[in-house]
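Heads up: the structure comes next, in structure tokens.
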Amino acid sequence: MAPTPSRLSSTASVASTSSPLLPTTAHNVPSVAYQTTSPPPEFRTPAVPRKVLSSQPQQQQQPQQAPSSPLTSAPRLRAKLTPAATPRRKNFLPGTEFADVPTRRTDGGGHSPVKRAPPPPLAVTPSTPMARPMAPPASYGSFPSYTEDAFDMSAMSAGLAGLGVGSRIARSTKGKDNVLVCVRIRPPAAKLAAATTLVEERAWNVDEQSGRLTLKTGHPEFTFDSVVTGSDNEAVYEEAGKDLVLAAMEGFDACIFAYGQTASGKTFTLTGNPANPGIIPQAVTEIFTYIREHPEQEFLLRASYLEIYNETLKDLLAPETGPLRVRQDEKKRFFVHPLREEVVTGEAQVAALLRRGEANRSVGQTDFNETSSRSHSLFQMTIESRDDAPGSPPPSATPLRPKTPNGPRLSPGANGAVRMSRLTLIDLAGSEQATSQSERRSEGAFINKSLLTLEKVIASLTEDSKRKPHVPYRDSKLTQILQPSLAGDARVAVIATMNPSPAAVEETKSTLKFATRIKKVVLKAVVNEVVDDKTLIFKYRHEIARLQAQLEAQASVPSTPSMSEHSEEKKNSKSSARIEGIESQISELRSLFITSNNVEDRRQSMLPPRPVSPTKMLGDSDSDEPTLAEKYLESQDEVAYLTSENQDLKRRIEELEGNHLQQTQDRATESDKDAEIARLMQANQEMLVVIKNADSESEMKRQEMRFRREVEKRLEIERRLREEVEFERGRITKMERFIFTSLQNSVDILAGRRSSIGVARPSLGGGLLPIMGESSPDLDHGEFGDLEFFSEEAREKIKKSGSMLFA
Ligand SMILES: Nc1ncnc2c1ncn2[C@@H]1O[C@H](COP(=O)(O)OP(=O)(O)OP(=O)(O)O)[C@@H](O)[C@H]1O
């Protein structure tokens, strides 16, 4: 439990001034809660003064408490967006209608995510959740409230049945949007090395007003939503992070990823460093700031952290689990199983979780980066929220929330719905085409497989065709995991990181081309409001209600009159131990809900990791068996997964059948191969029957391979037959030519002889035969002598026709 304000000491510690999300080392974890309750201390420390956005490079002010760093001294250029020049409407995301509101940056830290009147003064409730006043009855229409003290499982089930939609409804609001693309240009390497005199030349011109980048040679030119230069991570967060984090708090799924070649600054942008926190720590701070500013809601947060390395999924929070699998749910959305998700209640806890995950990541050294991320890492926070938090002011006292830009605002919380959204932050591995180190080559192949598939997926999604194109999400783990986001249901932002150096131009061009393509992906993000027994809020509230019922039953056990004093005492002490146990379980479960009332207490809380199961209590978190209900839900998942796998296999078999039949039909048009084709078709049919009967994917793959080999063999035979036919044709042509020439020769000879006979006839009178006998060709061995390759019959015919010429 986090210490309550009254228990806080009055001395400030150094650790307390650093944001818990900063990537500090494990032993450097702040262990003392904030010392005062009012005003709240600065979350994002050290306080980097907000810079004036200007096209002119300007001298950056040094943070007050940060050690002077060459990384923060580079001038920062930022693209200011003008509606005409900007391909994307900036104010499209929820909350962005307030993007122009100046950031509130007081000593208290944080900034207001929405423009609204300050919340009305609340009646201060004790920070112990147990002691909170009962919530007013929720206005959920005919559907029962989840409010813990009025929780009624049978009423809940009745409500679900009444909805006529099984156990789940999802209400959504839709509107079209494109992927938000921000280019982040790191300072040139010479600057990073703090060589003030040696400034490496930049290969690109940056037009900050229009977000345009042009190679100094004049071509190519790219335009994006924004371009940020310099080392200030806050600027990048403002451009590409904040809107999406707020969208996630409003119930939209949101996904932010950094793409670029090695050493271009992806990890720097997402993680940052203690003096300059990246998007992840800033996002987490924003989440807790949002909670602080929304007293009418209660939240449940959980986090997971995984890595894709060489096409294998590793759970960074539970590396001992072994490779994770990607599955599909009943809606064909991919998800990772069995991924460890931990409930988190404070920033310090998230920071510790991140550090734990970081320590398990695969890093290596490339030619350009000493600590290169050789893997893709995905940090995800699942945010559940519902209105009418216990102890919150009545709805009338809560200022109206802003309208969603794409339609009327939903009234979340109606029918007991819980908003559930996921914020996914992805640090991709370097997108370079090749790595020069041999030991990295196989790695590179896998990294590139994922990124190449990502490119293919983007190409299919942006394909301009009437037919719905096939999107190859399945071809890599990364694209499978990104499918729910890229398929359009989420807000997506890409930070394309680039090195401005002339030496990196080719890689940069390919990064920018990728960014241009992904910009065209159209999204239709939805806010999901779920009435579902899968939400943690539901599970925990249900568990609390069950424990409370137990508690009441325990308290109402009457004492037995016949019992001796001793056994009565024993019984009482047992019963109070049981009551204490149940109470502590209830209080622990309640402590997982975060509201504006307790968020401050939890800020520095360093509870040990806690998986999401409601029955798993602190201390025995990993040993506990899942409940029957959980097993049932899990087996339902399993059935849904197997059904979808089965359908998938069927679909693939049909595709295969179609392909083979098509190929066979194409070949069938060539008449000289009819017999061969008939045989192939027969083989096809047999193989397809075998494939159809194959009861597992691996069996089907084996059959497919065998079939492929068979087809290849037969194609080879066919090729050889063709060659033989060609050869025979050649021989026949040669023979024909030979016969013709021989006959022609014979005719010539005959003509010559006839004319000599004509000349000799007058002088020889009837003595012709002796001459013929003398000079006639030797029909066996003369002109017709080399006909040995003809058949006997053909030879006879040729000889006969030759002899006839002399007749
Ligand atoms: N905008 C920036 N300002 C200051 N330093 C930066 C900036 N971008 C990157 N760097 C520095 O450059 C180096 C490489 O950056 P980083 O590790 O973030 O690259 P990367 O793109 O994640 O690389 P890889 O794909 O190999 O993991 C780091 O030392 C980082 O501090």
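Residue numbers start at 1 and run along the sequence shown. Each ligand, and each atom within it, is numbered from 1 in the order the structure gives.
Residues Tyr259 and Phe514 bring their aromatic ring centres within 6.0 Å.
The minimum heavy-atom distance linking Gln328 with Arg474 is given by the pair OE1-NH2, 3.2 Å.
For a threshold of 3.5 Å applied to N or O pairs, the pair formed by Ile185 and ligand 1 contains no separation below that value. Between Leu428 and ligand 1, no N or O atom pair is found at a separation short of 3.5 Å. Checking only distances, Ser231 does come within under 3.5 Å of ligand 1, N or O to N or O. At a 3.5 angstrom cut-off on N or O pairs, Thr497 does not count as close to ligand 1.
Of the candidates Gly430, Ala258, Ala263, it is Ala263 that places a heavy atom closest to atom 14 (C) of ligand 1. Distances from atom 12 (O) of ligand 1 to the heavy atoms of Arg184, Lys266, Arg186 put Arg186 nearest.
Distances below 4.0 Å separate heavy atoms of Gly230 from the following atoms of ligand 1: 1 (N).
Salt bridge Glu506/Lys509: present, at least one basic N to carboxylate O contact under 4.0 Å. One finds a salt bridge joining Glu342 and Arg356 here, because a Lys/Arg side-chain nitrogen approaches an Asp/Glu carboxylate oxygen to under 4.0 Å.
In Gln261, the part holding a heavy atom less than 4.0 Å from any atom of ligand 1 is the backbone.
For the pair Lys519 (side chain) and Asn178 (backbone), a donor-acceptor distance under 3.5 Å is absent. At distances below 3.5 Å, at least one donor-acceptor pair connects side-chain atoms of Asp315 with backbone N or O atoms of Arg340.
Residue-ligand proximity: Gly260 is placed with every non-hydrogen atom at 4.0 Å or more from ligand 1.
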